[in-house]
Amino acid sequence: LKKDKKIKILFVLQSIGFGGSMTSLINLLGFLKKNEDLSIDVLFMDRYGELIEQAEQVAHILPANRILQSVSATRNKLVRLNRFDLLVERAILAIQGKVLGKTTEKIAFEIAGKSFSNCVIAYQESIATKFVSNIVAQKKIAWVHNDFENVLQLYGGVDEMNREYASFDKIICVSKAGQKNFQKGL
């Protein structure tokens, strides 16, 4: 590794609410920040959350992406936050999807997920994992915090889950028990 060339890592998450995995992320980002050979960015698909300020202290948070925000937050949440602009964005994506025979989510991911260099990490199983599975990167990592049964419910079946996770170079489970259950399910 050349000293003038930093390794770029992008963490992608749905949002940054309270919880053990979010606290773990902030601790991990603080640890990684100490390594001068790394350039760490974080993309929150839904840029609302209780721990956003703590995340900003330990990592470079990318600006909000309107397209991702429009599909990652629920309609009710967007209405509650008076984000009618994002509801319009979502409607436009839905129309494009109907015309092209794709889901609103798939269209949004294709538009927002051009290509990222180096390493992209889908941190926590969610819509972020679905998004990262659709982007181009040198290395893609899925970081799984939940048990297999919870992950399976997110996808509605083993076949759909396998399609998503097949695009990743590595799948990291935070516990041995979770890893065993995940491997049994694949």
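Only this structure's heavy atoms are used, side chains among them; waters, hydrogens and symmetry mates stay out. Index from 1, following the sequence.
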Report task. Answer yes or no: is there a side-chain heavy-atom contact under 4.5 Å between Tyr165 and Val144? Result -> yes

Requested in this report: Begin with the C-alpha distance, continue with both residues' side-chain angles, and end with the deciding distance and a verdict on side chain to side chain contact (heavy atoms under 4.5 Å, CB included) for Gln124 and Leu25.
Outcome: CA-CA 10 Å; Gln124 199 175 36; Leu25 171 70; over 6 Å; no

Requested in this report: Just do the side chain to side chain contact (heavy atoms under 4.5 Å, CB included) check on Leu32 and Phe11 with the steps written out, would you?
Outcome: CA-CA 12 Å; Leu32 293 175; Phe11 283 83; 3.8 Å; yes

Report task. Determine yes or no for a side-chain-to-main-chain donor-acceptor pair under 3.5 angstrom, with Lys130 supplying the side chain and Glu164 the backbone. Result -> no

Query raised in the report: Under the 3.5 angstrom rule, does the side chain of Lys139 hit a backbone N or O of Lys170 as a donor-acceptor pair?
Result: no

Report task. Find the distance between NZ (Lys98) and CD1 (Ile107) and round it off to the nearest 0.5 Å. Result -> 11.5 Å

Query - Heavy-atom side-chain contact between Ile135 and Val12 under 4.5 Å - result: no

Report summary line: Correct closest heavy-atom pair for Ala128 and Ala122 would be O-CB, 4.0 Å

**Report entry** Close side-chain approach of Trp143 to Leu28, heavy-atom, < 4.5 Å
**Finding:** yes

Requested in this report: Taking the side chain as every heavy atom from C-beta outward, state whether Phe168 and Val132 have any pair of such atoms under 4.5 Å apart.
Outcome: yes

**Report entry** Distance, nearest 0.5 Å, that separates OG of Ser15 from CD of Gln69
**Finding:** 11.0 Å

Report task. Check step by step if side chain to side chain contact (heavy atoms under 4.5 Å, CB included) holds for Leu10 and Asp41. Result -> CA-CA 5 Å; Leu10 174 67; Asp41 291 329; 3.8 Å; yes

Query raised in the report: When rounded to the nearest 0.5 angstrom, what distance separates CD1 in Ile172 from OH in Tyr123?
Result: 10.0 Å

Just list the side-chain donor-acceptor pairs under 3.5 Å for residues 84-94, sequence neighbours left out, or say none.
residue	atom	partner	partner atom	Å
Asp85	OD1	Arg83	NE	3.0
Asp85	OD2	Arg66	NH1	2.7
Asp85	OD2	Arg83	NH2	2.8
Glu89	OE1	Arg66	NH2	3.4
Arg90	NH1	Ser70	O	3.0
Arg90	NH1	Ala73	O	2.9

Query - Value rounded to 0.5 Å, distance of CD1 in Ile40 from NZ in Lys6 - result: 9.5 Å

**Report entry** Which residues share a side-chain hydrogen bond (donor to acceptor under 3.5 Å, both in side chains) with Glu160, sequence neighbours left out
**Finding:** Arg163

Query raised in the report: Counting distance only, does the side-chain N/O of Glu125 pair as donor-acceptor with the main-chain N or O of His145 below 3.5 Å?
Result: yes

Query raised in the report: Would you say the side chain of Ile121 lies within less than 4.5 Å of the side chain of Ile141, judging by non-hydrogen atoms?
Result: yes

**Report entry** Side chain to side chain, Leu13 and Met22, heavy atoms closer than 4.5 Å
**Finding:** yes

Query raised in the report: Got a sec, which residues hit side-chain hydrogen bond (donor to acceptor under 3.5 Å, both in side chains) with Lys106, two or more places apart in sequence or on another chain?
Result: Asn134

Requested in this report: Kindly give the heavy-atom pair with the smallest separation between Ala112 and Ile67, and that separation in Å.
Outcome: CB-CG2, 4.3 Å

Query - Sequence-distant partners of Lys33, salt bridge (charged side-chain N to carboxylate O under 4.0 Å, His left out), two or more places apart - result: none

Query raised in the report: Got a second to check how far Thr103's OG1 is from Phe109's CZ, nearest 0.5 Å?
Result: 7.5 Å

**Report entry** All side-chain hydrogen bond (donor to acceptor under 3.5 Å, both in side chains) counterparts of Gln57, not counting sequence neighbours
**Finding:** none

Query raised in the report: How far does OG of Ser126 sit from CD of Gln14, to the nearest 0.5 angstrom?
Result: 5.0 Å

Query raised in the report: Rest of the hydrophobic cluster containing Ile95 (Ile/Leu/Val/Met/Phe/Trp/Tyr, side-chain heavy atoms under 4.5 Å)?
Result: none

